[in-house]
Structure formats: structure tokens, C-alpha cells
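In what follows, chains are A, B, ... by sequence order, proteins preceding strands, each numbered from 1.
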2 protein chains.
Amino acid sequence: MHDTSPASAPLAGATDKRTSILRAAMTLIARNGFHGSPTAMIAAEAGVGAGTLYRYFADKDALIVAVHREVETRLNEWLQKDYPFGQSIRRRLDHYFIGLLRFFIDHPLEFKFLGQFYDSPYGVELRRDKIFSKPVGDAGCETIRGLLEQGVAEGIIKDLPLVLLFALFIGALTSAVRDHTHGFIDLHDGLQRRLADAFWDAIRQ
Amino acid sequence: MHDTSPASAPLAGATDKRTSILRAAMTLIARNGFHGSPTAMIAAEAGVGAGTLYRYFADKDALIVAVHREVETRLNEWLQKDYPFGQSIRRRLDHYFIGLLRFFIDHPLEFKFLGQFYDSPYGVELRRDKIFSKPVGDAGCETIRGLLEQGVAEGIIKDLPLVLLFALFIGALTSAVRDHTHGFIDLHDGLQRRLADAFWDAIRQ
DNA sequence: GGGGGCGGAGTGAATGTTCAGTCCGATCCT
DNA sequence: AGGATCGGACTGAACATTCACTCCGCCCCC
């Protein structure tokens with residue numbers, strides 16, 4: 001089985017095919033789910049032959065995992081922009097909350113893909129890691145988990161299990177975004193703020 | 001296409017097969033998802049022949065919809081038990097919040113099934129209806145939507161769009177239950193209470 | 001003994017994956 | 001320099017597998 005790293009990928013403009021395939025896969029999976037996205041369809045959408053897919057990825061699973069990695073990398077970069085180092089815990093949590101809201105609203109396909117991914121066998125383990133240990137920011141950046149922990153220690157956040165605080169965070173966030181992408185509501189800036197405030201009210205001491 | 005109502009089902013003890021199939025379908029779909037639950041496997045789990053399945057349901061879709069109806073009926077009955085008519089809005093909302101928590105904790109398979117269902121093409125429309133118009137309680141019972149509406153009108157709940165209030169409700173709830181069923185936390189009675197309190201803090205004026 | 005619920009091998013469609021061949025650009029040989 | 005050779009990225013038709021669904025004979029019960 002070959003790797004998915006650029007090292008083993010063909011040179012020059014050929015890399016465009018890899019990204020074409022990644023984008024096509026994300027788009028179709030977001031729209032139709034894993035099983036509504038046959039490899040033939042992904043290849044067609046990407047404008048490559050059915051076999052080409054297997055020159056870049058060992059199998060469909062590897063492709064899906066690669067899409068996930070790529071999306072998460074972009075998400076992490078997005079979250080690190082303008083990170084309010086040194087400011088209050090609430091402000092830093094707000095940065096994550098609104099940052100995630102904005103990213104998902106601006107990138108609905110990425111949102112739907114991640115939703116599919118984390119609800120599949122692929123993602124459950126990752127989810128566990130994310131809550132318990134792994135940083136959301138790639139390197140050097142504080143984690144949501146760390147901020148919640150610190151807030152609890154300082155007595156400004158309710159002394160609930162971290163997992164529950166995180167559930168409030170991610171649950172409110174994803175439900176609201178889902179309603180937005182389904183067209184049930186328009187999550188404009190003002191509502192984003194008020195939702196973040198409501199979340200803060202939920203967890204503050 | 002034939003119906004799934006008992007009227008058209010075979011008589012006598014044969015109904016046991018119908019419920020066997022329903023239970024088997026729910027169990028396998030909860031565990032492996034729709035695509036990971038071939039009809040042959042469902043039939044085997046139910047202890048019937050592969051063809052028998054089609055004596056009770058027109059096709060796999062009809063079976064899935066029937067499972068959903070059956071689960072929701074039981075959920076509604078559960079929620080109507082001990083409904084605190086006439087008590088404060090907070091208490092009535094609490095009844096729903098903790099009632100749903102308990103039901104899902106006591107019935108993890110039902111929870112996972114509903115999660116799969118509402119994230120699939122089957123359920124999106126139903127989700128929309130549930131938020132916008134349909135009652136959760138079957139008949140005569142107040143709806144979560146109605147309670148939130150009333151709370152907003154009385155000025156004791158934040159004046160946010162109903163959809164967002166509902167997103168806070170269902171998002172916090174489902175995220176917490178998911179963490180519980182994944183074994184990340186033990187949502188005992190005390191935590192259930194404190195989570196309900198946190199939710200109330202999020203939406204109260 | 002006969003009729004209807006039942007079983008499970010069978011069927012055709014669809015899907016993931018492969019592989020023999022094509023094509024294009026680089027490299028080498030004269 | 002220019003033609004011959006080669007390498008390997010790319011293709012897409014073919015293959016093996018899986019799935020939802022059907023069909024016909026069995027068998028149990030009246």
C-alpha cells in the first residue's frame with residue numbers, strides 16, 4: 001500500500017489531480033454520504049479516470065482519511081488566525097466558538113463532511129482523542145479543553161466534567177450550524193454573538 | 001406496495017416475527033449503520049428467512065421508516081408519563097430534557113438509531129417538521145417548541161429565534177448522551193440535573 | 001390433503017478494485 | 001540534432017463481490 005504523502009505523489013502539475021480528487025470526494029461525500037459516493041462518481045467529478053484514484057490513494061478508506069486530514073488542517077489554520085493570546089478565558093473561548101461557527105458557515109461542505117466522518121467508524125476514535133488529549137490547534141496553540149480546564153480551576157466556569165462542558169460547546173455549535181445549512185435560520189453576525197453569549201451563560205459559574 | 005400497519009400483517013403469533021424484524025433492524029442499524037446492515041443480516045438476527053422480511057415490509061426503506069415510527073411512539077409514551085401539567089415552564093422543560101436524557105441513556109440502541117436516522121435523507125424533513133410545527137408529545141401534550149415560545153413571550157427565556165433555542169436544547173442533550181454511550185462519562189442522576197441546569201442558564205433571560 | 005406463511009438459493013444491478021494497454025515526455029544513441 | 005527507446009502516469013473496461021429483492025418449493029396447520 002502506498003502512502004498519501006506528497007513525497008510519493010507524482011511531480012509537477014500532477015499534484016493537481018490529487019487535490020482534484022480530494023475536493024471531489026469531499027463534495028460528493030458531503031452531499032450524498034459515504035455510500036452515496038461511488039469511486040466512479042468521485043473520479044468523474046474530479047475529471048480523472050476511475051483507476052487514477054488508486055494511484056494516489058491505497059483504497060477508498062485511505063482517500064476518506066486523507067480528506068479528513070486536509071479539512072482539519074485548514075480548520076486549524078483558520079482557528080489560529082488572530083488568536084487572542086493573553087486575553088481573558090472567555091475571550092479565548094469566544095474566539096474558538098465564533099471561529100468554528102464562521103468556518104462551518106463559510107464552508108458548509110466541510111461541515112457536512114466532518115459530520116459524516118465523526119459519526120462513522122472512522123471518526124469515533126478521533127473524537128475520543130480530541131476530547132481527552134489532542135490539541136485542536138496544531139502546535140503551540142491552546143486547546144479548548146485546556147481553556148475549559150483553566151476556567152474551572154479559576155472558578156469562573158461551572159465545576160462540571162470536562163466532557164460535559166465540551167458537549168455543551170460542540171453540541172450547541174453543531175446544532176446551530178446544521179440548522180443554518182439546512183436553511184432553517186440565517187446565522188448572521190449578531191446571532192452568532194448571542195449564541196456565544198448563551199453558551200457562556202451555560203458554562204459560567 | 002403494501003402497508004406496514006398491523007392490519008395487513010399476518011395474524012396470530014406471526015406478529016412476533018414482525019417485531020423480531022423491527023428489533024433486529026434497529027439493533028443492527030444502531031450498531032453498524034444503514035449500509036452495514038444488509039437485509040440478509042437483519043433476517044438472520046431476527047431468526048427468519050431473508051424473504052420473510054418482504055412479507056411484512058415493502059422494501060428496506062419501509063422497514064426503516066417503520067422502525068423509526070415504532071421508536072418514536074415509545075419515546076412519546078415515555079415523555080407523557082408524569083407530565084407536570086400546570087407547573088412552571090422551567091419545570092416542564094426540565095421534564096422533557098431529563099426525560100429525553102433518561103430515555104436515551106436507558107435505550108442506547110434507540111438513541112443511535114435515531115441519530116443515524118435524522119442524519120440520513122430519511123430524517124431531514126422530519127427534523128424540519130419537528131422544529132417548526134409537529135408536537136413531540138403525540139396528542140394533547142404540550143410541545144417543546146410551545147414551551148420555549150411561551151417562555152420567550154413571558155420574558156423569562158432569551159429572545160432568540162426558536163430554532164436556536166431548540167438547537168441549544170437538542171445539541172447539548174445529544175452530545176452529552178453520545179459521550180455517555182461512548183463510555184466517555186457516566187451520566188448519573190446528579191450530572192443529569194446539573195446539565196439541565198446549565199441548559200436552563202443558557203436560555204434564561 | 002390442500003392452502004398459505006415461510007425459507008433460502010438465486011438474480012440482476014451496482015460497487016470497489018485491478019490490470020493490460022495507451023500516450024506523452026524525457027533520455028539516450030548515433 | 002533527431003529519431004528510437006523507454007518509463008510511468010493515466011485510462012476504462014473487466015472482474016469479483018455484495019446487496020436488495022424475487023420466486024418457487026417445502027411444510028405446518030387446519
Please enumerate all protein N or O atoms sitting under 3.5 Å from an N or O of nucleotides 22-26 of chain C, with distances to 0.1 Å.
none

Protein within reach of the bases, or only the backbone? For nucleotides 15-21 of chain C, mark each nucleotide 5' to 3' as B, S or -, using heavy atoms under 4.0 Å. SBBB---
Nearest-angstrom distance from the residue atom [atom1] of [X] to [atom2] of [N]:
X	N	atom1	atom2	value
A:Arg55	D:dC10	CZ	C1'	7 Å
A:Leu53	D:dT11	CG	P	11 Å
B:Arg18	C:dC6	CZ	P	13 Å
A:Ile42	D:dG12	CD1	P	17 Å
A:Phe57	D:dC10	CZ	P	12 Å

Tell me every residue that passes salt bridge (charged side-chain N to carboxylate O under 4.0 Å, His left out) with A:Asp189, counting only those two or more places apart in sequence or in another chain.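 Result, salt bridge (charged side-chain N to carboxylate O under 4.0 Å, His left out) vs A:Asp189: A:Arg102.
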Taking only residues two or more places apart in sequence or in another chain, which ones pass salt bridge (charged side-chain N to carboxylate O under 4.0 Å, His left out) with A:Asp59?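 If we apply the salt bridge (charged side-chain N to carboxylate O under 4.0 Å, His left out) test to A:Asp59, skipping adjacent residues, there are no hits.
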Kindly write out the residues that satisfy ring pair (Phe, Tyr, Trp, His ring centres under 6.0 Å) with [X], not counting sequence neighbours, or none if the list is empty.
X	result
A:Trp78	A:Phe103, A:His107
A:Phe97	A:Phe169, A:Phe199
A:His95	A:Tyr83
B:Phe104	B:Phe111

Evaluation steps, side chain to side chain contact (heavy atoms under 4.5 Å, CB included), between A:Leu147 and A:Ile157: CA-CA 10 Å; A:Leu147 289 173; A:Ile157 291 180; over 6 Å; no
Please list all pairs passing the side chain to side chain donor-acceptor pair (under 3.5 Å) test where one or both residues lie in residues 34-46 of chain A, with sequence neighbours left out.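 Checked against side chain to side chain donor-acceptor pair (under 3.5 Å) - neighbours excluded - the pairs reaching residues 34-46 of chain A are A:His35-B:His35.
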Sequence-distant partners of B:Lys158, side chain to side chain donor-acceptor pair (under 3.5 Å), two or more places apart: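 In terms of side chain to side chain donor-acceptor pair (under 3.5 Å), with neighbours along the sequence ignored, B:Lys158 is linked to A:Asp201.
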Can you list the residues that meet the side chain to side chain donor-acceptor pair (under 3.5 Å) rule with A:Arg31, with sequence neighbours excluded?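 Partners of A:Arg31 by the side chain to side chain donor-acceptor pair (under 3.5 Å) criterion come out as none, since no residue qualifies.
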Test side-chain contact (heavy atoms from CB on, under 4.5 Å) applied to A:Leu148 and A:Ile89, A:Thr143, A:Leu164, A:Leu162, the passing residue: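 The residue from A:Ile89, A:Thr143, A:Leu164, A:Leu162 that satisfies side-chain contact (heavy atoms from CB on, under 4.5 Å) with A:Leu148 turns out to be A:Leu162.
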N/O-N/O pairs, protein side and nucleotides 28-30 of chain D side, under 3.5 Å:
none

